[in-house]
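Inspection log for the structure reproduced underneath, given as structure tokens.
Since this is a predicted model, take the numbers as computed values, not measurements. Just so it is clear, the values below take in all heavy atoms, side chains as well, and ignore hydrogens, waters and symmetry mates.
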Amino acid sequence: MGLLTKDVERAPCTVEISHKFESLHAHVRFDNGAVIYPGDEVKVHGDEIIAPFGEIVTEQREATIFRASKLERLWTRLTGDLEVMELCEFSFSEEVTL
């Protein structure tokens, strides 16, 4: 990995989709122990996975990991906090009610 070049890595993975009242989530675990760092991108290959309500579906897939260049990784670390703040909504009002 260079200052401006990206590396590409393929990894087997396990995809878990939960569509339950208690938990609605999708998780990807890399079976070879690969770790994702700031700025990296992951593409999981295969057809769309649909989990019926009340069930958890687990499938084995293959993923492509596009590793960020050193410059992209630095930029992501520097601007990451600002992007998280975009998700926050603040409201200021003169009225105070208890």
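- Nearest heavy-atom pair, Pro38 versus Ala68, reported as atom, atom and distance to 0.1 Å: O-CB, 4.1 Å.
- Hydrophobic cluster membership for Ile36: Val15, Ile17, Val28, Phe30, Val42, Val44, Ile49, Val57, Ile65 (Ile, Leu, Val, Met, Phe, Trp, Tyr linked by side-chain heavy atoms under 4.5 Å, directly or transitively).
- Side-chain contacts under 4.5 Å among hydrophobic residues (ILVMFWY), followed directly or transitively, place Val8 together with Phe66.
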*Might you work through the side-chain contact (heavy atoms from CB on, under 4.5 Å) test for Ile50 and Glu48, ending with a clear yes or no?*
CA-CA 6 Å; Ile50 299 176; Glu48 180 179 330; 3.7 Å; yes
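- Among residues at least two apart or in separate chains, side-chain hydrogen bond (donor to acceptor under 3.5 Å, both in side chains) pairs with a member in residues 30-39 are Thr14-Asp31, Asp31-Gln60.
- Sequence neighbours left out, the pairs with a member in residues 55-64 that pass salt bridge (Lys or Arg N to Asp or Glu O under 4.0 Å) are Arg10-Glu62, Glu59-Arg61.
- With rounding to the nearest 0.5 angstrom, the OG1 atom of Thr58 is 7.0 Å from the CD1 atom of Ile56.
- Residue pairs meeting the salt bridge (Lys or Arg N to Asp or Glu O under 4.0 Å) criterion with at least one member in residues 16-30, sequence neighbours excluded, are Glu16-Arg29.
- Under the 4.0 Å criterion applied to side-chain N and carboxylate O atoms, Lys6 and Glu72 are assigned as salt-bridge partners.
- The ring pair (Phe, Tyr, Trp, His ring centres under 6.0 Å) analysis of residues 7-29, with sequence neighbours excluded, yields the pairs His19-Phe53, His25-His27.
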